[in-house]
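Step one of this worksheet: look at the structure below.
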Amino acid sequence: MTKITERIKAVLLTALLTTAATANADVLESHMSAWLVKQQENKEVLKPAGEAGPGDIIEYRMTYKNTQASPLSALTISVPVPDNTAYVAASATTPVKSQFEASIDGGKTWEHEPIKRLRKTAEGKLRMTDIPVSEYTNIRWLAENPIQPAEQQAFTYRVQVK
């Protein structure tokens, strides 16, 4: 579990740096946290992520606050799906009106879901198929409306440790 814990911590740091790099500290305050999702007495319980092992679900929460006096437009929240994890289908949520996109190539290209590709079938024929969410490498939200002065916006997604 130690190696996985170190990787998860490194991923959290990478995600923090990724989101912070796109946010100018003078105008946009950002925060990211990681939570271990557990079941207790048939209820979902979130605990601060410390150690995680294979099969564990981690929820990432990002919040952004406009600290300037005028609205900010074109807010894009882009985060990696950490190594040794897989994106959990339909777990990306936000109350913010936005477009959700995913990448299967490390964030070089982005597409709306479902991502489709031509793949060979067992018979050797090419067929258009949906790419499994387990192949997502990055996800992002493109906010459709400006973030108003002092407004805070929240975004969450989940991954499962491999």
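The figures that follow rest on heavy atoms only: side chains count, while hydrogens, waters and symmetry mates do not.
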- line: Taken to the nearest 0.5 Å, the spacing of N145 CG from K97 NZ works out to 6.0 Å
statement: In terms of heavy-atom contacts, A154 and P95 come closest through O-CD, 3.6 Å
query: Could you state the interatomic distance from CZ (R119) to CE (M128), rounded to the nearest 0.5 Å?
result: 11.0 Å
- request: Might you work through the salt bridge (charged side-chain N to carboxylate O under 4.0 Å, His left out) test for D56 and K38, ending with a clear yes or no?
  value: CA-CA 8 Å; D56 284 343; K38 292 289 186 181; 3.2 Å; yes
message: For L142 and E101: C-alpha separation, side-chain torsions, deciding distance, then whether side chain to side chain contact (heavy atoms under 4.5 Å, CB included) applies.
response: CA-CA 8 Å; L142 304 167; E101 297 179 330; 3.5 Å; yes
query: Does any N or O in the side chain of T67 come within less than 3.5 Å of the main-chain N or O of V27, such that one atom is a donor and the other an acceptor?
result: yes
- request: Heavy atoms only: give me the nearest E113-V133 pair and the separation to one decimal.
  value: OE2-CG1, 4.0 Å
L28/L75 under side chain to side chain contact (heavy atoms under 4.5 Å, CB included): CA gap, chis, key distance, verdict: CA-CA 10 Å; L28 192 64; L75 182 63; 3.5 Å; yes
query: Going by the salt bridge (charged side-chain N to carboxylate O under 4.0 Å, His left out) test, which pairs reach into residues 39-50, not counting sequence neighbours?
result: E44-R158
query: Does the side chain of Q99 reach to within under 4.5 Å of the side chain of H112, using non-hydrogen atoms?
result: yes
message: Ignoring hydrogens, what is the shortest heavy-atom contact between P149 and A69? Give both atom names and the distance.
response: CG-O, 3.3 Å
query: Is Y157 reachable from I131 through a run of I, L, V, M, F, W or Y residues, each pair having side-chain heavy atoms under 4.5 Å apart?
result: yes
query: Parallel, tilted or perpendicular for Y136 and Y87, by the 30°/60° rule?
result: parallel
field: Side chain N66, main chain I147, donor-acceptor under 3.5 Å
entry: yes
- prompt: Side-chain contact, heavy-atom cut-off 4.5 Å: D130 with I115?
  reply: no
- prompt: Roughly how far, to the nearest 0.5 Å, is the NZ atom of K120 from the OG1 atom of T129?
  reply: 13.5 Å
message: To the closest 0.5 Å, what do you measure between CG (L36) and CD1 (I57)?
response: 9.0 Å
task: Please confirm whether the backbone N or O of F155 pairs with a side-chain atom of T94, one donor and one acceptor, at under 3.5 Å?
output: no
message: Main chain of W110, side chain of S103: is a donor-acceptor contact present, judged purely on distance under 3.5 Å?
response: no
Connected via hydrophobic side-chain network under 4.5 Å: F100 and Y64: yes
- prompt: Does any N or O in the side chain of S91 come within less than 3.5 Å of the main-chain N or O of A89, such that one atom is a donor and the other an acceptor?
  reply: no
- request: Using side chain to side chain contact (heavy atoms under 4.5 Å, CB included) as the criterion, point out the one residue from M32, Q153, H31 that pairs with M62.
  value: M32
message: What I want to find out is whether E111 reaches R140 closely enough, with some N-O distance under 4.0 Å, to be called a salt bridge.
response: no
query: Taking it one step at a time, do R61 and W35 satisfy side chain to side chain contact (heavy atoms under 4.5 Å, CB included)?
result: CA-CA 8 Å; R61 294 180 178 180; W35 300 87; 3.7 Å; yes
message: Give me the atom names and distance for the closest heavy-atom approach of G106 to T137.
response: N-OG1, 2.7 Å
message: Would you say L46 ends up clustered with Y60 if hydrophobic residues are merged whenever their side chains have heavy atoms under 4.5 Å apart, either directly or through other cluster members?
response: no
query: Can you check side chain to side chain contact (heavy atoms under 4.5 Å, CB included) on I58 and V161, steps first, answer last?
result: CA-CA 8 Å; I58 299 171; V161 179; 3.9 Å; yes
- line: Closest heavy-atom pair, P146 versus P71, reported as atoms and distance to 0.1 Å, is CB-CB, 3.8 Å
- request: Drop me the distance from L118's CG to L126's CG, to the nearest 0.5 angstrom.
  value: 5.5 Å
field: Rounded distance (nearest 0.5 Å) linking atom CG of N138 with atom CG of D105
entry: 8.0 Å
task: Answer yes when K162 and D83 have at least one side-chain N-carboxylate O distance shorter than 4.0 Å, and no when they do not.
output: no
- request: List the atom of A143, the atom of S98, and the distance in Å for their closest heavy-atom pair.
  value: CA-CB, 3.8 Å
query: Should V88 and V81 be regarded as members of a common hydrophobic cluster, given that ILVMFWY residues are connected when their side-chain heavy atoms come within less than 4.5 Å of each other, either directly or indirectly?
result: no
